[in-house]
Amino acid sequence: MTVDLKARIAELTSLEQAEQLYPARNLPAGAEVVRVAPSPTGMPHIGTAMQSVIDRALADKTNGVFILRIEDTDTARTVPGAVDAIIAGLKWLGTTPDEGYSFGGDYGPYLQSDRLNLYKLAADHLVAKGHAYACFCTPERLEKLREDQSKAKMMPKYDRLCSKLTAEEVTERKAKGERFVIRMRMPKDGEKIRFKDEVRGEIEFDTKVLDDSVLLKGDGFPTYHLAVIVDDHFMRVTTVVRGEEWVSSAPKHVMLYKMFGWEAPKWLHTVLLRDAERRKLSKRSGDTSLAGYRVNGYLPEGLRNFLTRVMWAHPENKDIYDLAEFARLVTPSALPSTGPIADMKLFGFINGHYLASHKPAELRQMFVDYLDYLVSVDRVPESDDEEGGPIVPLETIKKLRAEIAANTEYADHVFALEPERHQKLSDVFRNCGFLFEATYTPATAELMAKHCPDAAMAKGILGKVVAECLDMPDSEAWDKAMRQIAADNGVKDKVVFMLTRVAATGMERTPPLFEIMHMLGKAKLSQRINAAIANAGTSVAA
RNA sequence: GUCCCCAUCGUCUAGAGGCCUAGGACACCCGCCUUUCACGCAGGUAACACGAGUUCGAAUCUCGUUGGGGACGCCA
């Protein structure tokens, strides 16, 4: 950045100067300037991710610009570290902004708390024009007002008490040091405000349902309503992409553009993702932060694909497509106007495709990075069945990480084994954990008994497997020998196979038996099976 | 209480007056493959919220009802 924009803003004395500070952008015709504008009040949410995908796609599609702006105007709710988490989240998702906070650009600063003077000038301008007024009502009075209105089954709305103050009264009360806010003066009742939403079409509101909203707070910070208009205008944003919850305040924003005499951008309100209860995804629906999905083993390209899949239908009915394809084919009017329910099964299906599309060495590296990530954030994936709960302790993850690092070649074999078994990186623990010492759990006597209730026979069978099969050269020989053992004991082949599987892995569900026997090797196999023999029947006999 | 948005299989949707005895995908069920699981392959169950109207003809247009969601802060 060649100029210190923060300093320049502080020096501004009029809105006209601001117009000169931020000249029209030099972009190709049709280029969309879009922004994602999260407030740093917590970990980045899935809704922010959804908007960023649309933003990124729109900017890519039109050779436009995607901006990150941080809306930190609520000083009380600002959470330390949230900004970094937002940036990290967007980078992880692959919807990296072109411009904005920490990305640079000529239309900054991109942190609203660095732009306070601009909002003040804007508010003064509106007051001077008669479109806004100072309000000295105390929070207590307002609360009482709302309470009374609620009791009377009326819509809570400011009663415009201070709009009747004379200029002299205002000057006098300010001089006395009374704390005040600036409110917008909505037009007289009965006027219609229309605007076009890019996905819903024309929407009309009556001004009588619109409140004289606060524009500038008592602490000199702007509210969302003022800040968003001023910033979108001076950042030369062409399309406002934001959540559906903003539709009802959009008329206020349209009115503000009119009051300023500025050209309004296009409006695109995205649907809100719902949980199984059809409510908007929130804390109660589980961890819906970006980091939460990462912790649970979802891939960024999987999340990206899932997010677009539930709010857009591919013209060829495809489920799997990348961001570039989405950007190329999407049109705002094709976006849905009903909030989709986040179907985790569909998410798993899509994510699994991406997982399986990687080569073993890539998968191994992704898994290692995943483990490192878990350690770095000190979190573990949760089981997605009814009971939930962590599926593996952090200590185990650290050991597994070391074990993989010590023998990457072996690990690559593990990841070459039916990668389509995994839908999420965290599924590797359940599907392949037994192939590593860190995550191997020996078979219980009960599990053994399930496949061969006669403990003595089980011991005999497994003893023979250890004695006769492990030195054999290949799967074919194993197969033949194991079937012979079954015949000798008068049991079905399956009994021998399952007993061996359970004894060697501690699991009933595994990749093909001979493949994992080859991988485990003779030493480990005989050790595990012998341990199982020693353990067999212990709790059943007792 | 008021306003705004929305309404096709369990879920995401296709559908812009006749191509719809409503198509696809996920999920589910069944079969094949098979020593388990997964993959794959072959089938199946399953929806136009309701009521009027417009029309020769309505999932598609209009109105109403019902249902769902969102908003109404010196929060965003």
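All chains are named by letter (A, B, ...) in the order of the sequence lines, taking the proteins before the strands, and each is independently numbered beginning at 1.
For RNA chain B, the neighbouring residues in residues 340-356 of chain A, judged by any heavy atom under 4.0 Å, are A:Pro340, A:Ile341, A:Asp343, A:Lys345, A:Leu346, A:Phe349.
The nearest heavy atom of RNA chain B to A:Ala152 and to A:Ala313 marks one nucleotide each, and the one closer to the 5' end goes with A:Ala152.
Atom pair A:Asn317:CG and B:A14:C1' shows a separation of 6 Å (rounding to whole Å applied). To the nearest angstrom, C1' of B:C4 lies 18 Å from NZ of A:Lys196. For the pair A:Ile193 CD1 and B:C3 P, the interatomic distance rounds to 16 Å; values are reported in whole Å. In this entry the distance linking CZ of A:Phe306 with P of B:A25 reads 18 Å, nearest Å. Rounded to whole angstrom, the span from the CG atom of A:Asp319 across to the C1' atom of B:A14 amounts to 13 Å. Between A:Ile320 atom CD1 and B:U13 atom P there is a gap of 17 Å when expressed in whole angstrom units.
Heavy atoms of A:Gln149 sit nowhere under 4.0 angstrom from any nucleic acid atom. Looking at heavy-atom distances under 4.0 Å, A:Arg309 makes contact with a base.
When the C1' atom is used for both B:C32 and B:G43, the distance is 10 Å, rounded to whole Å. Using P as the reference atom, B:C48 and B:U2 are 32 Å apart when rounded to the nearest Å. Nucleotides B:U62 and B:C6 have their P atoms positioned 11 Å apart, rounded to a whole Å. Annotation: B:G70 and B:A25 have their C1' atoms spaced 29 Å apart (nearest Å).
The salt bridge (charged side-chain N to carboxylate O under 4.0 Å, His left out) contacts involving residues 335-359 of chain A comprise nothing, where partners must be two or more places apart or lie in separate chains.
Look at B:C41: its Watson-Crick or wobble partner, with both distances under 3.5 angstrom, is B:G31. For B:C3, the paired base is B:G70 (Watson-Crick or G-U wobble, both distances below 3.5 Å). Across all strands shown, the partner of B:C56 is B:G18, judged by Watson-Crick or G-U wobble contacts whose two distances both fall under 3.5 Å. Shown here, B:U65 forms a base pair with B:A49; the pair counts as Watson-Crick or G-U wobble because both key distances fall under 3.5 Å. Pairing for B:A25 is with B:U11, a Watson-Crick or G-U wobble pair whose two hydrogen-bonding atom distances lie under 3.5 Å.
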query = What's the verdict on ring pair (Phe, Tyr, Trp, His ring centres under 6.0 Å) for A:His353 and A:Phe349, showing C-alpha distance, side-chain angles and the deciding distance?
reply = CA-CA 7 Å; A:His353 266 272; A:Phe349 167 79; 5.0 Å; yes
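Cation-pi contact between A:Lys192 and A:Phe205: absent, since separation from the ring centre below 6.0 Å together with deviation from the ring axis within 45° is not met.
Among residues two or more places apart in sequence or in another chain, the side-chain contact (heavy atoms from CB on, under 4.5 Å) test is passed with A:Asp212 by A:Tyr133, A:Tyr158, A:Arg160, A:Arg183, A:Met186. Every residue two or more places apart in sequence or in another chain that forms a side-chain hydrogen bond (donor to acceptor under 3.5 Å, both in side chains) with A:Arg35 is listed here: A:Asp232. For A:Glu418, the salt bridge (Lys or Arg N to Asp or Glu O under 4.0 Å) partners two or more places apart in sequence, or in a different chain, are A:Arg421. Residues satisfying the side-chain contact (heavy atoms from CB on, under 4.5 Å) test with A:Ala132, not counting sequence neighbours, are A:Leu126, A:Val127, A:Ile182, A:Leu215. With sequence neighbours excluded, the residues forming a side-chain contact (heavy atoms from CB on, under 4.5 Å) with A:Asp148 are A:Lys144, listed by chain and number. Take A:Glu178 and apply the side-chain contact (heavy atoms from CB on, under 4.5 Å) test, not counting sequence neighbours, and it matches A:Phe136, A:Arg173, A:Lys176.
Within the 6.0 Å centre-distance limit, the rings of A:Phe306 and A:Phe347 are counted as a close aromatic pair.
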remark   = Counting primed atoms, P, OP1 and OP2 as sugar-phosphate and everything else as base, the B/S/- map of nucleotides 65-76 of chain B against protein heavy atoms under 4.0 Å is ----SSSBSBBB
Check the interface with nucleotides 35-37 of chain B: list each N/O to N/O pair with the protein under 3.5 Å, or write none.
{"from": "B:U35", "atom 1": "OP1", "to": "A:Arg483", "atom 2": "NH2", "distance (Å)": "3.3"}
{"from": "B:U35", "atom 1": "O2", "to": "A:Arg501", "atom 2": "NH2", "distance (Å)": "2.6"}
{"from": "B:U36", "atom 1": "O2'", "to": "A:Glu508", "atom 2": "O", "distance (Å)": "3.3"}
{"from": "B:U36", "atom 1": "N1", "to": "A:Arg501", "atom 2": "NH2", "distance (Å)": "3.4"}
{"from": "B:U36", "atom 1": "O2", "to": "A:Glu508", "atom 2": "O", "distance (Å)": "3.1"}
{"from": "B:U36", "atom 1": "O2", "to": "A:Thr510", "atom 2": "N", "distance (Å)": "2.9"}
{"from": "B:U36", "atom 1": "O2", "to": "A:Thr510", "atom 2": "O", "distance (Å)": "3.2"}
{"from": "B:U36", "atom 1": "N3", "to": "A:Arg501", "atom 2": "NH1", "distance (Å)": "3.1"}
{"from": "B:U36", "atom 1": "N3", "to": "A:Thr510", "atom 2": "O", "distance (Å)": "2.7"}
{"from": "B:U36", "atom 1": "O4", "to": "A:Pro512", "atom 2": "N", "distance (Å)": "3.4"}
{"from": "B:C37", "atom 1": "O2", "to": "A:Arg421", "atom 2": "NH1", "distance (Å)": "2.3"}
{"from": "B:C37", "atom 1": "O2", "to": "A:Arg421", "atom 2": "NH2", "distance (Å)": "2.3"}
{"from": "B:C37", "atom 1": "O2", "to": "A:Thr510", "atom 2": "O", "distance (Å)": "3.4"}
{"from": "B:C37", "atom 1": "N3", "to": "A:Arg421", "atom 2": "NH1", "distance (Å)": "3.4"}

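A:Phe367 and A:Phe415 have tilted rings, their planes meeting at an angle from 30° to 60° on a 0 to 90° scale.
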Acceptor/donor pairs from residues 494-503 of chain A side chains to any protein atom, 3.5 angstrom cut, sequence neighbours excluded:
{"from": "A:Thr500", "atom 1": "OG1", "to": "A:Val496", "atom 2": "O", "distance (Å)": "2.7"}
{"from": "A:Arg501", "atom 1": "NH1", "to": "A:Thr510", "atom 2": "OG1", "distance (Å)": "2.6"}
{"from": "A:Arg501", "atom 1": "NH1", "to": "A:Pro511", "atom 2": "O", "distance (Å)": "3.4"}

Please list every donor-acceptor pair under 3.5 Å in which a side-chain atom of residues 239-247 of chain A meets a protein atom from a residue at least two apart or in another chain.
{"from": "A:Thr239", "atom 1": "OG1", "to": "A:Glu32", "atom 2": "OE1", "distance (Å)": "2.7"}
{"from": "A:Arg242", "atom 1": "NH1", "to": "A:His269", "atom 2": "NE2", "distance (Å)": "3.1"}
{"from": "A:Arg242", "atom 1": "NH2", "to": "A:Tyr224", "atom 2": "OH", "distance (Å)": "3.2"}
{"from": "A:Arg242", "atom 1": "NH2", "to": "A:His253", "atom 2": "ND1", "distance (Å)": "2.8"}
{"from": "A:Glu244", "atom 1": "OE1", "to": "A:Leu272", "atom 2": "N", "distance (Å)": "3.4"}
{"from": "A:Glu244", "atom 1": "OE2", "to": "A:Arg200", "atom 2": "NH1", "distance (Å)": "3.3"}

